[in-house]
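Each chain gets a letter, A, B and so on, in the order its sequence line appears, and its residues count up from 1.
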2 protein chains.
Amino acid sequence: MMETLQALAEPNRFQIVELLRDRPRPVGDMVHRLGLRQPQVSKHLRVLSDAGLVDVRVDAQRRIYALRPAPLKELEVWIERYRRIWEGNFQRLDGVLAELKAKEKKRGRTKRKSTAEKQRNIESNHAERPGGRHDPRL
Amino acid sequence: MMETLQALAEPNRFQIVELLRDRPRPVGDMVHRLGLRQPQVSKHLRVLSDAGLVDVRVDAQRRIYALRPAPLKELEVWIERYRRIWEGNFQRLDGVLAELKAKEKKRGRTKRKSTAEKQRNIESNHAERPGGRHDPRL
DNA sequence: GAAGAATATGTCTTGACAAGAATATACTCA
DNA sequence: TGAGTATATTCTTGTCAAGACATATTCTTC
């Protein structure tokens with residue numbers, strides 16, 4: 001899993017995987033399309049191979065690389081476990097409220113901010129660090 | 001997409017995301033559970049935030065981090081496009097055969113290896129580089 | 001307003017890794 | 001067997017990022 005992610009996190013390797021999605025390919029083909037030099041492609045393929053993401057067939061001097069499904073499937077299974085995060089709206093109602101409730105209990109009865117003031121502070125601030133770092137959709 | 005993968009590819013950040021899967025958490029909580037030092041956790045959170053993977057709520061001195069669904073959903077959509085690779089068995093029948101056929105055509109009628117010999121060469125060799133680099137399941 | 005708590009930021013060092021260049025290996029065909 | 005083709009490996013170098021440590025920032029409470 002970690003190994004899969006690390007392999008995919010490199011842009012050129014990601015492109016290689018994208019190329020292999022269509023069909024298996026010999027190294028030279030990818031060298032073309034990626035505009036990388038052959039040794040570099042071979043090295044990236046080595047990493048992908050070590051991660052179990054690709055599979056080689058030998059055809060004379062050529063090596064034909066193909067995707068192996070297992071790691072990608074594993075990744076998909078992992079991500080499925082996060083599904084509820086964008087389906088149900090757990091997070092807000094359960095987690096944070098419990099958090100806050102615990103806090104209320106801990107600090108005894110003392111002078112404290114009005115509910116309104118506290119609300120302001122607690123509000124989600126997507127736009128805190130400016131520079132459009134994540135899109136507002138969803 | 002690339003940014004998401006790069007963020008997740010670091011083991012500690014991956015763990016942070018796993019922690020946040022259950023519920024939003026303040027930084028100190030994660031510092032505990034991860035056994036990292038506070039500045040390190042803050043920096044990782046910064047990366048996750050820049051990648052749009054997490055979201056902050058300010059509660060007094062505390063920052064409560066929560067997962068944002070968008071990037072994960074995007075990742076899931078991406079991986080869905082690979083689904084056919086472990087469902088249909090395209091790869092073999094389509095891609096490689098076309099590849100070989102093209103090759104046959106290119107080289108004219110010359111003395112060449114018997115079909116049997118060629119078959120041997122072309123066989124998939126999972127076990128080429130020893131050391132169990134990928135599991136044979138699937 | 002001073003002390004303490006929770007978190008963020010800056011700087012430095014070190015290790016990992018990608019790219020480049022040169023070379024090795026393996027196969028084909030004449 | 002020798003030339004050519006396709007791919008892998010080795011070595012070096014530069015870049016970037018993670019960890020450690022010190023310090024800044026912001027809020028709370030007394």
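Between L36(A) atom CG and dA18(C) atom P there is a gap of 12 Å when expressed in whole angstrom units. Separating the CG atom of D50(B) from the C1' atom of dA17(D) is a distance of 14 Å, rounded to the nearest angstrom. One can place CZ of R46(A) at 12 Å from C1' of dT10(D), the figure rounded to the nearest angstrom. Rounded to whole Å, the distance from NE2 on H32(B) to P on dA5(C) is 13 Å. Computed from coordinates, the L48(A) CG to dC17(C) P distance equals 14 Å when rounded to whole Å. For the pair M30(A) CE and dA6(D) P, the computed distance is 14 Å after rounding to whole Å. When rounded to the nearest whole Å, the span between CZ of R57(B) and C1' of dT26(D) equals 20 Å. What separates CZ of R25(B) from C1' of dA6(C) is a distance of 17 Å, to the nearest Å.
Nucleotides of DNA chain C nearest to Q61(A) and E10(A) differ in position, and the one nearer the 5' end is that of E10(A). Comparing K43(B) and N12(A), the nucleotide of DNA chain C nearest to each residue sits closer to the 5' end for K43(B).
Between the side chains of Y82(B) and E87(B), no donor-acceptor pair is found at a separation under 3.5 Å. Between W78(A) and E18(B), the side chains place a donor N or O and an acceptor N or O closer than 3.5 Å (distance only, hydrogens not considered).
For the residue pair L5(A) and L8(B), the shortest heavy atom distance occurs at CD1-O, 3.8 Å.
The side chain of Q40(B) lies closest to dG19(D), out of dG19(D), dA8(C), dA8(D). Side chain of P39(B), nearest nucleotide from dA22(D), dC27(D), dT9(D): dA22(D).
The side chain of R62(B) places no N or O atom within less than 4.0 Å of a non-bridging phosphate oxygen (OP1 or OP2) of dA5(C). Under 4.0 angstrom from either OP1 or OP2 of dA6(C) there lies no side-chain N or O belonging to R63(B). A sub-4.0 Å separation between OP1 or OP2 of dA18(C) and a side-chain N or O of R13(A) is present. For Y65(A), no side-chain nitrogen or oxygen approaches OP1 or OP2 of dA6(D) to under 4.0 Å. A close approach under 4.0 Å does occur between a side-chain nitrogen or oxygen of H44(B) and OP1 or OP2 of dG19(D).
Between atom CD of residue E3(A) and atom CG of residue L48(A) there is a gap of 10.5 Å, rounded to the nearest 0.5 Å. For the atom pair L75(A) CG and E80(A) CD, the distance stands at 10.5 Å (nearest 0.5 Å).
Checked by distance alone, Q38(A) brings a side-chain donor or acceptor within 3.5 Å of a matching partner on the base of dA8(D).
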